[in-house]
There are 2 protein chains.
Amino acid sequence: MTTDRKAAEREARQKLILQGALTVFKEKGLEGAKIDEIARVSGFGKATLYYYFSSKEEIFNALLLHGWLQLWRELEETIEGGDSPRRTFISMLKKIAEVVNADRPLYEFLFFVPRSYSSEEIEKAEWKQYQTRLYRVLLELIEAGIEKNQFPQMNPDLVLKALGGLFHGLVFWGKDNQIVSEDLIEEMLDNMLKSN
Amino acid sequence: MTTDRKAAEREARQKLILQGALTVFKEKGLEGAKIDEIARVSGFGKATLYYYFSSKEEIFNALLLHGWLQLWRELEETIEGGDSPRRTFISMLKKIAEVVNADRPLYEFLFFVPRSYSSEEIEKAEWKQYQTRLYRVLLELIEAGIEKNQFPQMNPDLVLKALGGLFHGLVFWGKDNQIVSEDLIEEMLDNMLKSN
DNA sequence: CTATTATTCGACCGTTCGTTCGAATAATCG
DNA sequence: CGATTATTCGAACGAACGGTCGAATAATAG
């Protein structure tokens, strides 16, 4: 069967397009990114893009879905690990940082951009559920951890906001290049959660 | 002289336009906001907007400048207060939260949107310097505070990223309506900085 | 080889949108 | 009052852009 190779080639070309799209999206945002430029950067003609994707928004969503699937794949084993809530929580953030640092352009895009474009279309996108699921898992860990006195005795939602924001700030803020190691994240979290 | 009244009226009309622009920008972002809609919402004809502002981007920048000036005006007395670095730092964040909560639409816009549109035009905008200045003041407080053992003994940049992110998460994340009180912010910070 | 299918692409289309024009109206002045 | 200036606005302009078309080329099949 040639069908396998054909499918693989098709997928490879899609990946090339997504790669080009990412660099343009990152630089210009969703609306600022022009199809013509994405085509130019990925090295295809404009019409060819539409041979592989049916619209600009589909490219956008495919990119995010790709990132979330990859992130989630890496997280699953950590979640199943059966550590204490606090250890699992910290391990998850470390793992996320690791994944992020392995492909910053993609994940900066993934964690920043969607906040700015909350059209109804996007609300229903497939990748959205993974975002929601991640939030829920982290929240449940905090709830369980509070019971065991491993987190500050406060409203779990607040604790998640605070620690999530802290993580976000550590990993994503600042002049590009300087990435924060997973160990530093662990140290910071342990430091700040110490007294409880 | 009627000149004063004229100028005041002109400014009042500009404020109306900015107010309308804010609601549209917030809902649609910079590119998604259409001049026609801003005109409709502010209750002026489209061409009238151009009688008061020379371009869409000028409206955008005027809006942000307005917000930063107001925020900075409120912050200045806190900075001059002469409290300890740690107290001043916490007071500043509390004050920022207060200002934000007093006009959430404006400040959610102000703190979120610019991250998505980093064109070179925006880099040079007048409001940018206030953002930079705020960052520097907070960093200096942390540096001074670390010396006095009032903050974790870590790289000041990292501490600012962590605490800034934490603050950002507390104040801006989550389902809209629920605002976080300044006292909660203080409690959270004091809690997490306790052990040092 | 020819026939059929898959892929590529620049030119083109229709729409949208920021901006400008020119005329109409209101305010101010002498 | 008339004359001059300030303000308002919808209509029209032109550029930009997402998406489509149809022809050309490459790959595969028989």
Side-chain angles (χ1 to χ4, degrees), chain A residues 1-25 27-63 113 117 119-122 125, chain B residues 1-63 113 116-117 119-122 125:
Chain A
M1 269 349 91
T2 55
T3 325
D4 281 2
R5 202 202 70 224
K6 277 310 196 61
E9 281 181 357
R10 186 178 174 85
E11 206 170 319
R13 272 173 234 133
Q14 283 187 333
K15 274 233 174 84
L16 279 179
I17 293 173
L18 289 183
Q19 199 173 313
L22 175 58
T23 69
V24 182
F25 276 136
E27 196 171 345
K28 309 286 179 69
L30 171 55
E31 321 244 3
K34 316 303 176 194
I35 290 283
D36 283 275
E37 192 176 355
I38 296 178
R40 192 175 47 75
V41 170
S42 11
F44 292 89
K46 187 214 277 235
T48 307
L49 261 60
Y50 284 88
Y51 186 73
Y52 289 96
F53 296 94
S54 71
S55 72
K56 184 177 168 181
E57 187 150 317
E58 186 180 307
I59 297 178
F60 178 84
N61 284 330
L63 200 50
V113 170
Y117 306 100
S119 81
E120 295 146 29
E121 304 301 324
I122 284 184
Chain B
M1 267 350 92
T2 56
T3 323
D4 282 2
R5 202 202 70 222
K6 278 309 198 57
E9 282 180 355
R10 186 179 173 87
E11 207 170 316
R13 272 173 234 132
Q14 283 187 332
K15 274 231 175 87
L16 279 180
I17 293 172
L18 289 183
Q19 199 174 315
L22 175 57
T23 69
V24 182
F25 276 137
K26 254 219 73 183
E27 196 172 345
K28 311 286 180 71
L30 172 55
E31 319 244 3
K34 318 301 178 195
I35 290 283
D36 283 275
E37 192 175 356
I38 295 177
R40 191 174 49 74
V41 171
S42 14
F44 291 90
K46 188 214 280 235
T48 306
L49 262 60
Y50 283 87
Y51 186 71
Y52 289 97
F53 296 93
S54 71
S55 72
K56 183 178 169 180
E57 187 149 320
E58 187 181 306
I59 296 179
F60 179 83
N61 284 331
L63 200 51
V113 170
S116 320
Y117 305 102
S119 81
E120 293 146 30
E121 303 301 324
I122 284 185

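Just so it is clear, the values below take in all heavy atoms, side chains as well, and ignore hydrogens, waters and symmetry mates. None of these values were measured; they are calculated from a predicted model. Note on naming: letters A, B, ... go to the chains in the order of the sequence lines (proteins, then strands), and numbering restarts at 1 for each one.
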Inset, instruction - Verify the contact: side-chain N or O of B/Tyr51 to OP1 or OP2 of D/dT8, cut-off strictly under 4.0 Å; return yes or no. - result: no
Legend entry - Value in whole Å for how far the C1' atom of D/dC17 lies from CG of A/Leu49: 14 Å
Inset, instruction - Quickly work out the B/Arg13 CZ to C/dA26 P distance and round it to whole Å. - result: 14 Å
Legend entry - Residue met sooner reading DNA chain C from 5', once B/Ala33 and B/Glu9 are mapped to nucleotides: B/Ala33
Legend entry - Distance, nearest 0.5 Å, that separates CD1 of B/Ile17 from CG of B/Leu49: 4.5 Å
Inset, instruction - Look at the side-chain N and O atoms of A/Thr48 and state whether any lies under 4.0 Å from the OP1 or OP2 oxygen of C/dT7. - result: no
Inset, instruction - Mind calculating the distance between CZ (B/Phe53) and P (C/dT19) to the nearest angstrom? - result: 13 Å
Inset, instruction - Quickly work out the A/Leu30 CG to D/dC17 P distance and round it to whole Å. - result: 14 Å
Inset, instruction - Before accepting this row, confirm whether a basic side-chain N of the pair A/Glu37/A/Arg40 lies closer than 4.0 Å to the acidic partner's carboxylate O. - result: yes
Inset, instruction - May I have the distance from B/Lys28 (atom NZ) to C/dG18 (atom P), rounded to whole angstrom? - result: 11 Å
Inset, instruction - Please step through side-chain contact (heavy atoms from CB on, under 4.5 Å) for the pair B/Glu58 and B/Tyr50, ending with a clear verdict. - result: CA-CA 10 Å; B/Glu58 187 181 306; B/Tyr50 283 87; over 6 Å; no
Inset, instruction - Look at the side chain of B/Tyr52 and decide which nucleotide, out of D/dG19, C/dT8, D/dT7, has an atom nearest to it. - result: D/dT7
Inset, instruction - Check whether any side-chain N or O of B/Arg10 sits under 4.0 Å from OP1 or OP2 of D/dA6, and answer yes or no. - result: no
Inset, instruction - May I ask you to verify whether the side chain of B/Lys46 and the base of D/dG10 hold a donor-acceptor pair under 3.5 Å? - result: no
Could you list, one pair per line, each protein nitrogen or oxygen that sits under 3.5 Å from a nitrogen or oxygen of nucleotides 22-25 of chain C, together with the distance?
none

Inset, instruction - Write down the distance between CD1 (A/Ile17) and C1' (C/dT8), rounded to a whole number of angstrom. - result: 11 Å
Inset, instruction - In whole angstrom, give the distance that lies between atom NZ of B/Lys56 and atom C1' of C/dT19. - result: 12 Å
Legend entry - Near-strand residues of residues 34-45 of chain A, defined as heavy-atom separation under 4.0 angstrom from DNA chain C: A/Phe44, A/Gly45
Inset, instruction - Please identify each residue that fulfils side-chain hydrogen bond (donor to acceptor under 3.5 Å, both in side chains) with A/Gln19, with sequence neighbours left out. - result: none
